[in-house]
Amino acid sequence: MISTPFEGLKFGLWDFEDASSSVEADGQRYDIQWRAGAEPGCFTAENPLGVWVLSVSRQNDRVRLAAGVKLLSPVRHLEFILMQCRALPLTHLVCGGMSMGQCSIYTPDTVSGEGANEFECFYNCIFSSDGKSLMLSHPLGLSQMADFRGRIYGKTVDLDVVYNIDHCALTDITFPETTFEYGAPFEMLRHYADENAEVKKEFSAPENGWNSWDYYRWTVSEKEVLKNAEFIAKDPVLSKHVKRIIVDDGWQYCYGEWHANHFFPSGMKALASEIRKMGFTPGVWVAPSAVEPHARIAQLDYDMLACSEGGQPCLAFQCMRRYGFILDPTVEKSRKFLRELFDRLVNEGFGYFKLDFLSSTLAAAQFSDKSVPRSHIVRHLMQAVNDGVAGRAAILGCNYPFMCGNSYVDAARVGSDIHATWEGTKINAVNVAYRFWMNKKLWVNDPDFALCRGVETSDAGETLQPCLVFCQPDSEWKELYSKTFASAKECELEVLLSIALMSGGAINLSDNLPLLNESGLELARKVVSAEAGEAALPLDLFSANMPSLWQQKLSKGGRVLVVNWLDEAQEFRLDVTGVPEKAVDFWRAKTINVPKEIVLAPHSCLLLEY
């Protein structure tokens with residue numbers, strides 16, 4: 001008879017039998033001593049907080065743990081560690097965050113053995129070794145906040161399975177299930193996507209676009225938007241494949257007052273009309289939960305704002321030294337504001353919305369309705385937005401907490417903020433790679449911008465220095481403050497754009513297109529005219545430090561991408577099934593004999609299409 005919940009919990013190299021449970025509530029910590037219940041696989045525990053229950057079910061290579069508690073009274077803060085595991089062997093670990101970006105690969109080669117490297121992971125993480133993988137997961141649609149977190153020490157890792165309750169009036173709480181699954185990682189993740197799709201959707205080919213942000217940032221204007229739209233409309237290739245013109249941050253008076261500023265003198269309705277006349281769908285950026293201090297809501301409608309630990313409206317929003325309050329979506333007055341805002345913007349002609357800073361909603365400590373779990377706060381916001389849009393426009397969730405599920409968005413950002421830099425491309429590659437299972441299962445993956453300007457592909461130098469906002473009066477001179485975001489060489493841009501293609505999602509250009517030289521324009525034309533394909537499988541994701549070998553299915557044939565992430569030349573073996581003897585070198589636009597072994601220059605790639 002099993003006497004503890006974790007007895008027999010072994011998978012290959014990973015043994016969880018010695019795991020322990022504990023809870024901390026409002027500063028008091030308690031151990032949880034599980035006792036076997038009357039039914040097989042059922043366990044209970046009691047402590048001063050209440051009665052705890054845990055059930056364990058086993059099926060083939062899967063084990064599910066389902067926990068709950070009946071509290072004697074509500075608590076302000078509760079952290080329940082279902083499993084505290086120590087000194088597990090670290091061979092290869094891949095994990096991701098709550099929303100876009102935040103994916104990491106850990107191996108003994110990438111982590112120093114001298115100290116700990118902390119990580120936090122949401123939804124799932126995968127340990128791999130010798131062709132075997134173990135996935136730990138929570139349901140994507142979390143009923144309560146849950147994560148996997150730990151500390152890495154060279155070749156071992158400490159791992160905790162954690163649930164958090166904050167400012168919740170509920171006393172009868174069911175925590176999200178924790179699942180252990182042992183098998184092939186690509187199959188497990190595909191199965192996870194199938195199980196966690198709240199809504200089954202039919203997906204057509206993603207529509208490509210142009211977005212103002214990466215080049216213009218807050219200098220965007222009506223004149224510059226129309227200039228780029230006209231340029232695209234006149235280009236024989238771009239005009240066929242770019243369908244949206246998206247005005248990003250900088251068009252509005254301020255966050256919380258979503259009306260055109262003086263850089264858009266004709267107003268947003270007139271701009272949308274001009275864009276439509278050129279044959280494009282107009283899109284616009286909105287940060288629906290951010291409210292800057294000088295917005296009228298922040299000055300007059302305090303009841304619409306989320307609060308601090310002390311219960312007062314607070315400047316919870318922060319990005320690039322820009323601060324703001326958070327709209328409280330549990331308040332009906334706030335939801336009414338959102339419904340009316342998006343109904344107005346649709347009526348002004350916008351058919352696409354990029355919603356940003358959605359995860360930032362959770363930066364506030366308290367929300368008015370204490371019966372709403374923290375994991376459902378952004379769902380309330382998204383429901384109000386959807387009610388206003390009423391199916392009349394497409395929605396991209398940026399900084400979208402994936403726990404909100406796939407009911408509210410058509411596309412979701414999976415990549416981190418990309419720039420035309422080599423370091424940015426490396427970071428984004430891991431994010432795109434680990435989120436392959438989401439694409440066209442939950443939504444269309446958005447890898448962020450497909451940038452074509454760099455030191456060899458644009459006739460104008462980069463002028464904006466966005467990091468200057470971090471320079472304070474007493475700051476020493478730092479290279480970071482003067483950094484520009486377009487330092488990539490052409491071979492590095494080919495890697496950036498290849499990763500965007502591997503995502504299988506929409507391609508959104510974000511350059512001042514008239515300033516690209518012929519090389520830059522050719523990059524833009526090639527990437528927007530290419531078939532989107534499925535999300536590529538990063539074949540070495542669960543064995544390498546960086547995903548270097550990718551394979552993508554097209555409607556007929558496919559693509560193989562090989563990337564050299566190193567600063568020196570590297571040799572690769574093209575051991576990929578299904579690749580014919582001849583294929584097209586995508587960026588050179590010529591047919592070649594597919595080599596068995598290739599040597600790639602530093603920071604370069606080979607993209608084959610067949």
Side-chain angles (χ1 to χ4, degrees), residues 25-26 69 71-80 98-99 141-146 163-176 254-258 286-319 323-343 355-389 397 399-405 407-408:
D26 296 337
V69 63
L71 298 171
L72 296 178
S73 60
V75 296
R76 289 174 64 88
H77 301 288
L78 183 147
E79 182 178 87
F80 170 37
M98 181 192 299
S99 60
L142 297 174
S143 57
Q144 299 286 349
M145 298 299 290
Y163 303 104
N164 282 287
I165 307 292
D166 293 296
H167 297 286
C168 181
L170 303 177
T171 55
D172 194 348
I173 297 170
T174 299
F175 297 103
C254 70
Y255 298 176
E257 287 196 40
W258 302 101
V286 181
S289 63
V291 180
E292 289 186 275
H294 58 292
R296 293 181 68 83
I297 288 175
Q299 297 291 315
L300 300 172
D301 297 293
Y302 310 121
D303 56 329
M304 294 173 65
L305 303 176
C307 294
S308 66
E309 283 288 344
Q312 295 169 296
C314 60
L315 292 177
F317 174 83
Q318 192 276 126
C319 181
Y323 296 89
F325 296 95
I326 294 293
L327 200 68
D328 185 343
T330 73
V331 175
E332 170 55 25
K333 188 175 177 182
S334 300
R335 296 195 296 271
K336 182 174 183 288
F337 166 78
L338 291 170
R339 290 193 297 267
E340 292 177 350
L341 166 63
F342 283 91
D343 178 62
L355 306 185
D356 207 351
F357 298 126
L358 296 169
S359 290
S360 296
T361 310
L362 299 176
Q366 293 197 63
F367 298 87
S368 178
D369 188 345
K370 299 295 189 293
S371 69
V372 179
R374 194 169 185 82
S375 57
H376 285 194
I377 294 294
V378 183
R379 282 181 178 262
H380 277 54
L381 183 147
M382 294 301 300
Q383 184 62 60
V385 171
N386 272 251
D387 290 344
V389 172
N399 276 284
Y400 180 69
F402 302 139
M403 70 183 80
C404 293
S407 300
Y408 303 112

So the ring-ring contact (aromatic ring centres under 6.0 Å, His included) pairs with at least one residue in residues 367-389 (sequence neighbours excluded) are none

For Arg339, is there an ion pair with Glu332 - N to carboxylate O distance below 4.0 angstrom? yes

Can you tell me if Lys336 has over 12 outside heavy atoms packed within less than 6.0 Å of its NZ? no

Tyr302/Phe325 aromatic ring centres below 6.0 Å: no

Kindly indicate whether the side chain of Ser308, heavy atoms from C-beta on, has any atom under 4.5 Å from the side chain of Gln366. no

Does the side chain of Thr330 come under 3.5 Å of the side chain of Ser368 through a donor N or O and an acceptor N or O? no

Any heavy-atom pair between the side chains of Leu72 and Thr171 that's under 4.5 Å? no

Determine which pairs satisfy salt bridge (Lys or Arg N to Asp or Glu O under 4.0 Å) with at least one residue from residues 288-312, sequence neighbours left out, and list them in order. Arg76-Glu309, Glu292-Arg322, Asp301-Lys333, Asp303-Lys333

Which pair of heavy atoms, one from Cys307 and one from Cys314, lies closest together, and at what distance? C-SG, 3.6 Å

Excluding sequence neighbours, so at least two apart, what forms side-chain hydrogen bond (donor to acceptor under 3.5 Å, both in side chains) with Ser371? Asp369

Is any side-chain heavy atom of Tyr400 closer than 4.5 Å to a side-chain heavy atom of Leu355? no

Under a plain distance cut-off of 3.5 Å, with no hydrogens placed, do His77 and Asp26 share a side-chain donor-acceptor pair? no

Would you say the ring centroid of Phe357 lies under 6.0 angstrom from that of Phe317? yes

Are any of the side-chain heavy atoms of Leu305 and Ile326 separated by less than 4.5 Å? no

Ring-plane angle category for Phe80 and Phe175, please: parallel below 30°, perpendicular beyond 60°, tilted otherwise. tilted

